[in-house]
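Encoded as structure tokens, the structure appears first; notes follow it.
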Amino acid sequence: MISNIELANLIFPDVKETVEDLEKRYPLRNLKEGAEVTRFAPSPTGFLHTGSLFTSLICHKVAKQTGGVFYVRLEDTDTKREIEGSGEQLLSQLKIFGITPDEGYLGDSEKGNYGPYVQSKRADIYKVVIKYLLEIGRAYPCFCSSDDLAKIREKQEKAKILPGYYGQFAKCRFLNNDERKAKIEAGEPFVIRFKSSGNHIRKIKVHDLVHGDFEIAQNDQDIVIYKSDGLPTYHFAHVCDDHFMRTTTVIRGEEWIPSLPIHVELFETLGWKAPNYAHLPVIMKLDEQGHKRKLSKRLDSEAAVSYFLEDGYPPESLIMYLLTIANSNFEEWILANKFSNMYDFTFSFEKMSLEGALFDMGKVNFFAREIFAKYTKEEIYEKAKAYSEKYNKELLEVINRDPKYFMEIMNIERERENPRKDFEKFSSLISSIGFFYDDYYEASIKEGLSFNEKFDKEIIKQVLNKLKGLDLSLEEQEWFNQMKTFAEEEGFAPNGKIFKANPEAYKGTVGDVAEMLRIVLTGKKNSPNLYYVMKVLGKDTCLSRIDNMINKLL
Ligand code: GLU
């Protein structure tokens with residue numbers, strides 16, 4: 001009968017390298033004590049998921065704060081699910097969020113001494129290790145068809161036992177090497193399976209940086225490690241790549257915990273030290289019925305980071321929010337640090353909650369408003385332009401009409417200690433500042449204005465006529481005093497207190513007067529500070545809007 005070595009040579013006649021050669025080609029990294037090597041390993045199967053951004057953020061942070069290396073590896077062994085161009089897109093989106101790898105797959109190129117960083121280009125490496133497993137009798141070719149596998153499953157279901165390809169059910173385990181040789185030479189298609197020595201009745205102890213110590217059933221599945229297309233499966237590629245790329249900490253989603261026993265057994269069999277593992281909690285969402293469920297690519301727009309980009313959120317707002325999920329002390333820290341330098345925050349696995357965090361759009365909005373408030377008018381202009389060029393032609397047209405005017409609008413109540421916090425995303429900019437532009441203003445008042453019904457048209461008209469005399473060259477406080485005087489002259493109380501003391505004596509308060517003016521000038525009941533709105537609109541526009549309204553009300 002042929003030996004394992006002969007069988008391995010029959011399957012991989014061209015593989016001449018050995019595992020030792022690979023060890024030499026990818027030497028241990030020369031890093032300082034405590035430096036972590038982390039990786040983000042996306043599959044090019046579509047858009048960047050918010051959960052993946054979360055994972056990559058933690059990977060990046062852990063490497064940065066320990067003086068280590070963060071690299072990206074493209075896991076493209078599932079060729080059927082691959083979407084053309086998505087690898088490049090993932091990388092460019094990561095960059096927008098400030099997550100740039102030190103090494104690895106960079107989209108259009110790659111960098112580093114541990115490559116290739118795209119799994120489909122690593123077939124030769126996997127073959128060397130699989131050949132070794134064949135030689136030591138810990139892997140074997142499996143010729144089972146999908147029909148054969150279905151029959152095994154059926155049997156197991158009937159007997160109500162653990163499904164899968166293991167133990168006595170692992171049919172091809174029991175072929176001898178001559179039978180294997182004959183089948184291979186007859187051209188029968190095959191995959192290669194790992195030969196497990198475990199038993200799922202037994203438990204193994206594992207340690208996880210987030211979950212601590214726990215026990216989990218040992219692996220006993222003879223998993224496929226090499227597919228008929230010549231590429232490995234995730235499990236095998238993970239073990240090989242993280243070993244030879246010298247990853248110290250594997251940070252990935254919690255959905256991989258059930259596969260951990262497979263990985264542990266593979267590392268042990270190969271005699272390699274397993275990396276540390278950190279399985280991150282999954283981001284959840286409350287559905288309409290109030291049940292927690294995973295944030296879903298299919299159902300939730302916020303599951304794709306592209307949603308935040310297309311809507312014009314500052315990318316930092318999502319990162320800040322994800323850091324609140326990562327560590328509960330982040331929020332307090334960022335408040336104390338006035339929403340700046342978030343990258344200085346020190347992340348720790350111990351402070352990570354095990355509960356899946358509930359996605360909270362309200363918090364993203366909160367951070368977005370804080371971040372927007374910190375931008376200068378020039379920054380706003382640059383960012384709004386970049387955003388609108390890509391996503392919003394209407395906004396671009398508005399900005400381009402007069403960039404200086406746009407900046408003036410955006411500067412209202414900005415350059416001060418407590419700037420106004422009313423913007424969270426560029427996509428809603430036109431609806432908040434449209435009234436500064438005559439065409440949007442006209443369109444918005446077409447439907448009519450909603451003045452307080454307490455006041456009849458004559459009163460409003462009279463008040464407006466009076467307010468035409470407001471002097472915009474005055475300082476804000478003096479201007480407001482003038483408004484109070486005008487209000488009193490029209491029979492309105494100068495403040496709420498005076499009005500309340502003697503409501504019969506007045507038509508209303510100066511607040512009512514200001515509201516009339518605000519509605520006329522902006523078409524809305526709420527706007528930024530009226531004095532500044534008027535200054536930006538300019539005297540002529542204010543007077544013509546007031547006159548138009550008086551004519552309409554007549
Ligand atoms: N390619 C795997 C995924 O996208 C990576 C998991 C891991 O980080 O190991 O889920």
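Basis for what follows: all heavy atoms, side chains included, without hydrogens, waters or symmetry-related copies. Ligands are counted one by one from 1 in listed order, and the atoms in each one are counted from 1 as well. The structure displayed is predicted, hence computed values, not measured ones.
Between His243 and Trp272, the angle of the ring planes stays under 30°, which puts this pair in the parallel group of the 30/60° scheme.
Salt-bridge check for Glu179 with Lys183: failed, with every basic side-chain N at 4.0 Å or more from each acidic carboxylate O. We find that Glu215 and Lys205 are joined by a salt bridge, their nearest charged nitrogen and carboxylate oxygen being less than 4.0 Å apart. Between Glu316 and Lys374 no salt bridge is recorded (no basic side-chain N to carboxylate O distance below 4.0 Å). In this structure, Glu254 does not pair ionically with Lys294, as no charged nitrogen and carboxylate oxygen lie closer than 4.0 Å.
Between Asn276 and Thr248, the closest side-chain pair of non-hydrogen atoms is not below 4.5 Å.
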Tabulate distances under 3.5 Å between N/O atoms of ligand 1 and N/O atoms of the protein, writing both atom names on each line.
{"from": "ligand 1", "atom 1": "1 (N)", "to": "Ala41", "atom 2": "O", "distance (Å)": "2.9"}
{"from": "ligand 1", "atom 1": "1 (N)", "to": "Ser43", "atom 2": "OG", "distance (Å)": "3.1"}
{"from": "ligand 1", "atom 1": "1 (N)", "to": "Glu75", "atom 2": "OE1", "distance (Å)": "2.7"}
{"from": "ligand 1", "atom 1": "8 (O)", "to": "Arg39", "atom 2": "NH1", "distance (Å)": "2.8"}
{"from": "ligand 1", "atom 1": "9 (O)", "to": "Arg39", "atom 2": "NH2", "distance (Å)": "2.7"}
{"from": "ligand 1", "atom 1": "9 (O)", "to": "Tyr234", "atom 2": "OH", "distance (Å)": "2.4"}

